[in-house]
Amino acid sequence: MRKAIIENEKVIKILELSEVRGLTFPLGQFMVDCSNDDVIVGDDFTDGKFLRNHKPVGAYISNSQLNEKYIAIENNNADLAEAVIAMQYENEIKNLGGKI
């Protein structure tokens, strides 16, 4: 789980923790779950929301999720490349007067 340490409505640190037990913070600091938010140090935390440049931050995407999306895109690109090659071949045959 990802946790943001907040001080004076600013994210000052991001922690990756397996569990939280007995953490205490200096006066004015507190911890907020940011597992679902793409929070970085320097973002604002106001009215229970993470903001960057006065706009809500996007959803957090883990490296494994990014890798899965990359693989899916690569597989799709390979399928598209095969389809393009097949269409080019068919077009060449037709241009030469042949039938498919």
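Counting from 1, the numbers follow the sequence of the chain as shown.
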What's the shortest heavy-atom distance between Val32 and Phe50, and which atoms? CG1-CZ, 3.7 Å
Exceeds 12 heavy-atom contacts within 6.0 angstrom, atom OH of Tyr70: no
To the nearest 0.5 angstrom, please state how far the CZ atom of Arg2 sits from the CG atom of Asn36. 9.5 Å
Separation between CG (Leu15) and CE (Met31), nearest 0.5 Å, reads 7.0 Å
Please report the interatomic distance CG(Asp44) to NE2(His54), rounded to the nearest 0.5 Å. 7.0 Å
Can you confirm whether more than 12 heavy atoms, excluding those of Asp47, are under 6.0 Å from its CG atom? no
Rounding to 0.5 Å, atoms CG (Leu51) and CG (Asp37) come to a distance of 10.0 Å
Locate the shortest heavy-atom distance separating Ile12 from Gln29; write the atom from each residue and the value. CD1-NE2, 3.3 Å
Separation of Lys3 NZ from Glu16 CD (nearest 0.5 Å): 11.5 Å
Phe30, Val41: one ILVMFWY side-chain cluster at the under-4.5 Å cut-off? yes
Atom CG in Asn76, atom CD in Glu74: separation rounded to 0.5 Å? 10.0 Å
On a heavy-atom basis, which atom in Cys34 and which in Ala4 lie closest, and how many Å separate them? SG-N, 3.6 Å
Group every Ile, Leu, Val, Met, Phe, Trp and Tyr by side-chain heavy-atom contacts under 4.5 Å, then state whether Val11 and Ile5 land in the same group. no
Phe45 and Ile14: same hydrophobic cluster, using ILVMFWY side-chain contacts below 4.5 Å? yes
Do other residues, nucleotides or ligands put more than 12 heavy atoms under 6.0 Å from the CG atom of Asn53? no
Is the shortest side-chain N to carboxylate O distance from Asp43 to Lys10 below 4.0 Å? no
